[in-house]
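Only heavy atoms go into these numbers, but all of them, side chains included; no hydrogens, no water, no symmetry mates.
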Amino acid sequence: MLKRTLLVIIIALLILLTASCWDQIEIERLAFIIGIAVDKADEADKIEVTYQIAHPEAFMEESKSSESYWNVSKIGNDLSEITNSLSSNLYLKPTFEHCQIILVGEDLARESMDKYLDFIIRTYDVRRRLKIGVVQGQAKDVLNMDLKSSMVPSLLVPEIMHNNTKESFEMTDYMYLGNLHTAYVEKYDFIMPRILVDKEKIVMRGGAVFNNFKLVGWLSGHEMIGARFLRGDVGSGPLVVELPAHLGERIVLNVYETSSKLRPEIQNDKLYISLDIKVEGDVNEIISPQEGVSKQELMTTATEMFEQYLEERIVNTFNFTKSELKSDPFRIKEKLQSYYPNYWSKNKDNWEEIYGSADLITDIKVRIRRMGESKE
């Protein structure tokens, strides 16, 4: 009995040692796509896709390659066709499991994005946390940049997105592929990060506004501040306002806590948007402070000016997106359906008219916790 048991164990060990995956592909035969740029091609009804591909050696500890990546651009009808042709040209199997970013060019985004991103949404090895941005210009210019950095463009751009969103109100939260898929299914408007190429620099500020999956316009950095408070996704970051001459030049508030609540209200068959905002922070710096000014006077004036600053940004952004861009990236329509289902069922066919005539009512409270020490 003991011999039989021992024999079974030995046979099992031999099977484990000799077994291998029948469909395993060696790393040298894979094309690791780490970034994709999709642009409208010069040929009618065709797109140009630029793939940033990492050398397989880049994933190994003992890499002898002098370059960590290379770019390949191809023109075709759609992403599926172009990606399939990529493998025949490279003699490698493309894989998206390490892809970090998808960049969409302005001209293509203005036509419609859903038509060309269907392949990415359906592909099983693309991560749902893949980041997406819109380039004001051609998307391939970002991947083709010779950056003065050890990081490749496909890795640097998502890192800048992440840092800018956390440290500045002028940059939208980056939109994941999973978010884009949800927007497509639920058919709501949205804002994506705006990316610009300025000579040898990548600039990220403001946002790209979409309606029915088409780019309808841009938000500046200041307008993006208003948009983030309207959407309720603000976090921490600096706010700067000009001071009256008798107090100084400018004052910087380091915001560390915010709350933003937006709700629709129907009064006499008219839509009002109520927005309640609370902001707390510490004074980081006062540029050219004047002598003889009391702390209480400075704090009172600064509080009022920060509240006024936010109200102007928010109201201007709301009116611009509503009237000029004809877009609702703040999910007001969805909130209206939830808050007033009977009203919505009766008036949904007149949504554009209702939204276009809506008024925004704000209640903004700024609280300065600490002014900090001064040289006096």
Side-chain angles (χ1 to χ4, degrees), residues 131-134 161-162 164-195 204-239 255-265 271-281 307 309-339 351 355-356 358-366:
K131 300 178 184 69
I132 303 178
V134 182
M161 278 186 181
H162 178 69
N164 280 17
T165 302
K166 287 174 37 177
E167 303 298 334
S168 172
F169 293 125
E170 295 191 0
M171 181 71 180
T172 179
D173 58 334
Y174 41 77
M175 195 155 191
Y176 296 122
L177 179 62
N179 301 135
L180 194 67
H181 191 188
T182 303
Y184 176 72
V185 173
E186 298 184 7
K187 302 186 185 306
Y188 61 78
D189 300 341
F190 53 89
I191 302 174
M192 295 182 67
R194 180 180 71 161
I195 303 170
M204 293 191 193
R205 188 180 300 115
V209 182
F210 282 78
N211 180 343
N212 196 26
F213 253 75
K214 294 181 181 180
L215 174 65
V216 292
W218 305 98
L219 295 181
S220 67
H222 284 170
E223 290 166 337
M224 196 65 239
I225 295 174
R228 293 193 65 179
F229 276 96
L230 282 159
R231 292 192 312 181
D233 64 356
V234 288
S236 59
L239 293 175
V255 176
Y256 56 77
E257 187 173 342
T258 61
S259 68
S260 178
K261 296 180 181 179
L262 183 148
R263 63 184 184 276
E265 296 180 359
L271 175 61
Y272 294 89
I273 311 301
S274 177
L275 180 64
D276 297 332
I277 292 174
K278 294 181 180 178
V279 175
E280 293 189 15
E307 290 175 349
Y309 171 85
L310 287 176
E311 182 175 14
E312 289 177 356
R313 294 284 177 270
I314 292 167
V315 171
N316 289 342
T317 301
F318 176 76
N319 290 332
F320 177 64
T321 54
K322 177 192 70 170
S323 303
E324 299 295 327
L325 303 183
K326 311 294 183 184
S327 177
D328 172 27
F330 316 120
R331 306 294 302 274
I332 295 172
K333 180 173 70 174
E334 286 73 21
K335 292 179 184 292
L336 183 63
Q337 295 177 43
S338 177
Y339 279 70
W351 163 245
Y355 178 55
D359 289 335
L360 179 66
I361 303 172
T362 62
D363 183 12
I364 303 172
K365 290 183 173 61
V366 174

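Taking CG from Leu310 and CZ from Phe169, the interatomic distance works out to 8.5 Å, rounded to the nearest 0.5 Å. Met161 CE to Lys131 NZ: the interatomic distance, rounded to the nearest 0.5 Å, is 8.0 Å. Between Tyr355 atom OH and Ser327 atom OG the span is 6.5 Å, to the nearest 0.5 Å. In this structure, CD on Glu223 lies 10.5 Å from CD on Glu170, to the nearest 0.5 angstrom. To the nearest 0.5 angstrom, Lys322 atom NZ is 8.5 Å from Leu360 atom CG. One finds the CG atom of Asn211 at 9.0 Å from the CG atom of Asp328 (value rounded to the nearest 0.5 Å).
Checked by atom type and distance alone, the side chain of Glu280 never pairs as donor or acceptor with a backbone atom of Glu257 at under 3.5 Å. Side chain of Ser338 to main chain of Lys335: no donor-acceptor pair is present (N/O by atom type, distance under 3.5 Å, no hydrogens or angles). In this structure, the side chain of Arg194 does not engage the main chain of Ser220 through any donor-acceptor pair within 3.5 Å. Using a distance-only test at 3.5 Å, with no hydrogens or angles considered, a donor-acceptor pair links the side chain of Arg228 to the main chain of Asp233. The main-chain N or O of Glu312 is found under 3.5 Å from a side-chain atom of Asn316 such that the two form a donor-acceptor pair.
More than 12 heavy atoms of other residues, nucleotides or ligands shown are found within 6.0 angstrom of CZ on Phe320.
Taking 4.0 Å as the cut-off between side-chain N and carboxylate O, Lys365 and Asp276 do not count as a salt-bridged pair.
Side-chain contact between Asn319 and Glu324 is absent, with no heavy-atom pair separated by less than 4.5 Å. Residues Met204 and Pro193 have side chains not in contact (no heavy-atom distance under 4.5 Å, counting atoms from C-beta outward). When side chains are defined from C-beta on, Phe229 counts as touching Val279, because their heavy atoms get closer than 4.5 Å. The shortest side-chain heavy-atom distance between Ser260 and Ile277 falls under the 4.5 Å cut-off. Taking 4.5 Å as the limit, every side-chain heavy atom of Phe213 sits out of range of all side-chain heavy atoms of Asp189. Looking only at side-chain heavy atoms (C-beta outward), Arg331 and Glu186 come within less than 4.5 Å of each other. Side-chain contact between Thr182 and Tyr176: absent, with no pair of heavy atoms (C-beta onward) separated by less than 4.5 Å.
Listed here is the closest heavy atom pair of Ser274 and Glu265: CB-OE2, 3.8 Å. Of all heavy-atom pairs spanning Leu271 and Leu336, the tightest one is CD1-CD1, 4.2 Å. In this structure, His222 and Arg313 approach most closely via the heavy-atom pair O-CD, 3.4 Å. Closest approach of Ile273 and Ala358 over heavy atoms only: CG1-CB, 4.4 Å. Nearest heavy-atom pair, Ser168 versus Pro238, reported as atom, atom and distance to 0.1 Å: CA-CD, 4.5 Å. Nearest heavy-atom pair across Val209 and Pro329 is CG1-CG, 4.4 Å.
Using cut-offs of 30° and 60° for the angle between ring planes, the Phe190 and Tyr188 rings count as perpendicular.
Evaluated for a side-chain contact (heavy atoms from CB on, under 4.5 Å) with Leu230, the options Leu275, Ile191, Val315, Ile225 yield exactly one hit, Leu275.
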For Thr172 and Arg231, run side-chain hydrogen bond (donor to acceptor under 3.5 Å, both in side chains): C-alpha distance rounded to whole Å, both residues' side-chain angles, the deciding distance at 0.1 Å, then the answer. CA-CA 10 Å; Thr172 179; Arg231 292 192 312 181; 2.8 Å; yes
